[in-house]
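Notes follow the structure.
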Amino acid sequence: MDVLTPEQRRRCMQANKGRGTKPERAFARLLWSSGIRYRKHQRSVPGTPDFSIKKYRLAIFIDGEFWHGRNWTERRQSFATNRQYWINKIEHNMARDRAVTAWLTDHGWKVFRFWESDVAHNPGICIAKVLDYLERYRRPEPPTYLPSEIAAEPEIPYGESPLSSNQN
């Protein structure tokens with residue numbers, strides 16, 4: 001049984017926003033203070049991730065526990081009113097999340113999905129995963145081989161000019 005009137009419930013539900021949430025703002029501060037520049041809610045990236053960096057093909061989503069079905073097998077049983085509506089809605093959100101993640105990874109993107117409570121309680125672990133991924137772009141690997149033309153010994157020893165060897 002709902003303890004709120006229909007008008008109060010309507011206002012509460014309207015107050016739930018998909019952008020600019022507390023966990024999202026906290027994660028944005030972590031990214032910015034780490035020197036990572038990003039775009040927020042870029043519509044040109046499928047799934048409109050909360051944070052994206054096209055240069056590194058990186059998409060970061062901060063998912064709410066209720067709306068995206070954390071511990072779904074347990075939570076699914078707890079709905080008392082309007083049960084079928086909520087089950088369909090959340091399962092549809094979960095299916096969409098899986099489809100977006102699959103599409104992005106199939107097209108070469110790295111996708112991170114963090115639960116809002118993980119960002120709130122363990123922000124260091126979340127930002128460390130992103131920094132570990134970006135680290136491979138910051139330090140280039142040395143070449144594993146040198147082409148034979150570059151590695152060959154020169155005909156004239158170093159330090160001698162071709163003109164000085166002909167004058168003797």
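All values below were derived from every heavy atom in this structure, side-chain atoms included, with hydrogens, water molecules and symmetry-related copies excluded.
A centroid separation of 6.0 Å or more is found between the aromatic rings of Trp32 and Phe51.
With a 4.5 Å cut-off on side-chain heavy atoms, Asp50 and Thr21 do not count as touching. Glu116 has its side chain out of reach of Val119: every pair of non-hydrogen atoms, C-beta onward, lies at least 4.5 Å apart.
Once rounded to the nearest 0.5 Å, the distance linking CZ of Phe66 with CG of Asn93 reads 9.5 Å. Considering CZ of Phe114 and CD of Glu24, their distance stands at 13.0 Å, rounded to 0.5 Å. Residue Ile90 holds its CD1 atom at 9.5 Å from OH of Tyr85, rounded to the nearest 0.5 Å. The OG atom of Ser52 lies 9.5 Å from the NE2 atom of His41; values are rounded to the nearest 0.5 Å. Expressed to the nearest 0.5 Å, how far NZ of Lys129 lies from CD1 of Ile60 amounts to 12.0 Å. Interatomic distance, Phe61 CZ to His68 NE2, rounded to the nearest 0.5 Å: 9.0 Å.
The minimum heavy-atom distance linking Pro46 with Val100 is given by the pair O-CG1, 3.9 Å. Considering every non-hydrogen atom in both Thr105 and Ala102, the closest pair reads OG1-O, 3.0 Å.
Partners of Arg113 according to the salt bridge (charged side-chain N to carboxylate O under 4.0 Å, His left out) rule, which considers only residues two or more places apart in sequence or in another chain, are Asp63, Asp97. With sequence neighbours excluded, the residues forming a side chain to side chain contact (heavy atoms under 4.5 Å, CB included) with Ile87 are Trp72, Arg76, Phe79, Arg83, Glu91, listed by chain and number. Scanning for salt bridge (charged side-chain N to carboxylate O under 4.0 Å, His left out) contacts around Glu7 gives Arg10, with sequence neighbours left out.
Using a 4.5 Å cut-off between side-chain heavy atoms of Ile, Leu, Val, Met, Phe, Trp and Tyr, with links allowed through other members, Leu30 and Ile36 fall into the same hydrophobic cluster. In the hydrophobic clustering of ILVMFWY residues, with side-chain heavy atoms under 4.5 Å counting as a link, Trp115 and Met94 come out apart. Connection of Val111 to Leu134 is not established within any shared hydrophobic cluster, with ILVMFWY side chains joined at heavy-atom distances below 4.5 Å, either directly or through further cluster members.
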Would Val130 and Tyr38 satisfy side-chain contact (heavy atoms from CB on, under 4.5 Å), going step by step from the backbone distance to the final call? CA-CA 12 Å; Val130 174; Tyr38 53 85; over 6 Å; no
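Side chain of Thr101 to backbone of Arg98: no donor-acceptor contact under 3.5 angstrom is found. A side-chain donor-acceptor contact under 3.5 Å links Tyr133 to the backbone of Tyr56.
Within a 6.0 Å sphere centred on CZ of Arg57, other residues, nucleotides and ligands contribute more than 12 heavy atoms. Counting heavy atoms of neighbouring residues, nucleotides and ligands inside a 6.0 Å radius, atom CZ of Arg37 exceeds 12 of them.
The existence of a salt bridge linking Asp118 and Arg70 is confirmed by a sub-4.0 Å separation between a basic side-chain nitrogen and an acidic carboxylate oxygen.
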